[in-house]
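In what follows, every heavy atom counts, from backbone to side chain, and hydrogens, waters and symmetry copies are set aside.
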Amino acid sequence: IRIISLMKVLKDILYGVSIDQLQGSTLKEVQGVYFDSRKVGAQSLFVATKGVQVNGHIFIETAIEKGATVVVCEDLPGLTHAEVTYVVVPNSQEALGVMAANWFDHPSKKLSLIGVTGTNGKTTVTSLLYALFTKAGYPSGLISTIKILVGEKAYETAHTTPDVWTINAYLQEMVSEGLSHCFMEVSSHGIAQMRIKGLTFEGAIFTNLSQDHLDYHKTFANYRDTKKLLFDGLSPTAFALVNSDDKNGLFMLQNTKAKKMSYGLKGVADFKAQILENQFSGQLLKIDQQEVWTTLLGQFNAYNILAIYATATLLGLNTLEVLQHISTLENVAGRFQYFISKNQITAIVDYAHTPDALDNILETIGQIRTKNEKLITVVGCGGDRDQGKRPLMGAIAAEKSDTVILTSDNPRSETPIAIIEQMEAGVSPVDIKKVLVVENRKQAIKTACMMATPKDIILIAGKGHEKYQDIKGVKTPFDDYEIVKNHLDLLDH
């Protein structure tokens, strides 16, 4: 994204920043704010942040040599320069959020920003809200795992929640393009690293919570409490919408000042839905006494659709019009994306990379299938991530499939076979005979295609929309959907 350089006075950039110590003038003009010393130029402000891997304080001198005239830091360096202004703050990351909002003139206040958090469903809910509001005539933006959209203009994305400077830059572009809404995925990493600091949300949605990212958060309680911070920060004019069927839903609402709303299929909730029919071509839902047909399958998607319906209603859209738009929404790439080959083999590609998501998808297939066909699941787990979920995913896949092919996902710096062995360790002795190990993912998908006979179902889980495989830091082109489609097409001839 192109960030237009504008001169701003330091005191205006620092408005609202909590400052412990100040050394130097705040009347200086600043041409740019950077937290990467490599990008610093003349008359810049450098923010020294303490990251997970790197402490930016070690680059303060480098930034000054490259032209930084202001340094925002948590610890004042031993050596200081008379011509440089030093601003010591309790938390540089938090200060960066406030400065970003000031620099871009608070774009999150000029459109309706909705944040979506939870273990599963964030991408589906944000993407479908974007699609629905666009169809309803509200030009909208999207900040998600898959992509960033400013109206129709698409940008690639590296993180679920980008850094706070990038978020504000995109939001400002959205405002200048005349967009009215933005739907944004808010990850627990993004919240913990204060990447949403200084943003004003009109609403926040909680989808669900299950085990994930414990490599980062260490405990489930930490993971849960981090998600809750999004709701704690909402204003009284905002809404907080939670899945009341998830036991953590009401916990998210405990300290929020926002209007408290809930949605659910089972218990008491402000917005209710019921699944009337469920099949491979779609499902029939009853939402607030109105029936709606959707091509999005499964109970987990019924929750996603209900969250979208509730959000659109809370944002003032006509409910019948919302249901009409819901009936035309299509699946998000890599989320229960399926096709049926000429040989009548159903192939499903899904991003399910947590125990809960895998369980949901297999449960959905289990409810739709006749049991006269085989269900073959191809699944792996990512390297350098939460190891505790690996045996759980192995156990779930083996218990709910007829055959499981354990394979490589994105092994990153780990050896694939070590990850596979951890998955296999979770499989019960009763189910172990169902398990095959094929380390090469392409070969594993090919094996599943060779084993399948007409009417069988192949599920390829874990990578979904991703177009690469990450091995030892090298990203090689890899697309589950393309690979399974090509193999089944070859078998059809």
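A salt bridge (charged side-chain N to carboxylate O under 4.0 Å, His left out) check over residues 280-296, counting only residues at least two apart or in different chains, returns nothing.
Within 6.0 Å of NZ in K147 there are 12 or fewer heavy atoms belonging to other residues, nucleotides or ligands.
Checked against I13 for a side-chain contact (heavy atoms from CB on, under 4.5 Å), the options V70, V30, V87 give a single hit: V30. With D479 as the partner, the side-chain contact (heavy atoms from CB on, under 4.5 Å) test is satisfied by one option alone out of E466, H465, K485, K467: K467.
Neither side chain, T85 nor Q23, offers a donor N or O lying under 3.5 Å from an acceptor on the other. Defined by atom type and a distance below 3.5 Å, a donor-acceptor pair is present between the side-chain atoms of K227 and T117. Side-chain contact annotation: E185 with T123, donor-acceptor N/O pair under 3.5 Å present. In this model, a donor atom of one side chain and an acceptor atom of the other lie less than 3.5 Å apart for Y155 and E173. Between the side chains of N301 and T294, no donor-acceptor pair is found at a separation under 3.5 Å. Side-chain N/O atoms of D270 and S262 include a donor and acceptor closer than 3.5 Å.
Under the side chain to side chain donor-acceptor pair (under 3.5 Å) criterion, N486 pairs with no residue, sequence neighbours left out. With sequence neighbours left out, the side chain to side chain donor-acceptor pair (under 3.5 Å) criterion links S281 to Q279. Scanning for side chain to side chain donor-acceptor pair (under 3.5 Å) contacts around D245 gives Y303, with sequence neighbours left out. Y86 meets the ring-ring contact (aromatic ring centres under 6.0 Å, His included) test with no other residue; sequence neighbours excluded.
For the residue pair S25 and K28, the shortest heavy atom distance occurs at OG-N, 4.0 Å. Of all heavy-atom pairs between Y223 and T119, the closest is OH-OG1, 3.0 Å. Taking all atoms of both residues into account, the shortest heavy-atom contact from A302 to L285 is CB-CD2, 3.9 Å. When every heavy atom of P107 is checked against every heavy atom of A101, the shortest pair comes out as CD-O, 4.4 Å.
Judged by the 6.0 Å and 45° rule, K463 forms a cation-pi pair with Y468. Within the cation-pi definition used here (under 6.0 Å to the ring centroid, within 45° of the axis), K228 qualifies as a partner of F251.
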Exercise for review: Could you walk me through whether I114 and F239 pass side-chain contact (heavy atoms from CB on, under 4.5 Å), step by step?
Suggested key: CA-CA 9 Å; I114 307 298; F239 68 81; 4.0 Å; yes

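Judged by distance alone, the side chain of Y309 and the main-chain N or O of I326 form no donor-acceptor pair under 3.5 Å.
Ring orientation note: the planes of F336 and Y338 are nearly perpendicular, at an angle over 60° on the 30°/60° scale.
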Would you mind writing out the side-chain donor-acceptor pairs for residues 59-69 within the sub-3.5 Å range, not counting sequence neighbours?
from: E61; atom 1: OE1; to: H81; atom 2: NE2; distance (Å): 3.2
from: E61; atom 1: OE2; to: H81; atom 2: NE2; distance (Å): 3.0
from: K66; atom 1: NZ; to: S37; atom 2: O; distance (Å): 3.4
from: K66; atom 1: NZ; to: R38; atom 2: O; distance (Å): 2.9

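Ionic pairing of D163 and R195 is not present here: no N-O contact between side-chain nitrogen and carboxylate oxygen is shorter than 4.0 angstrom.
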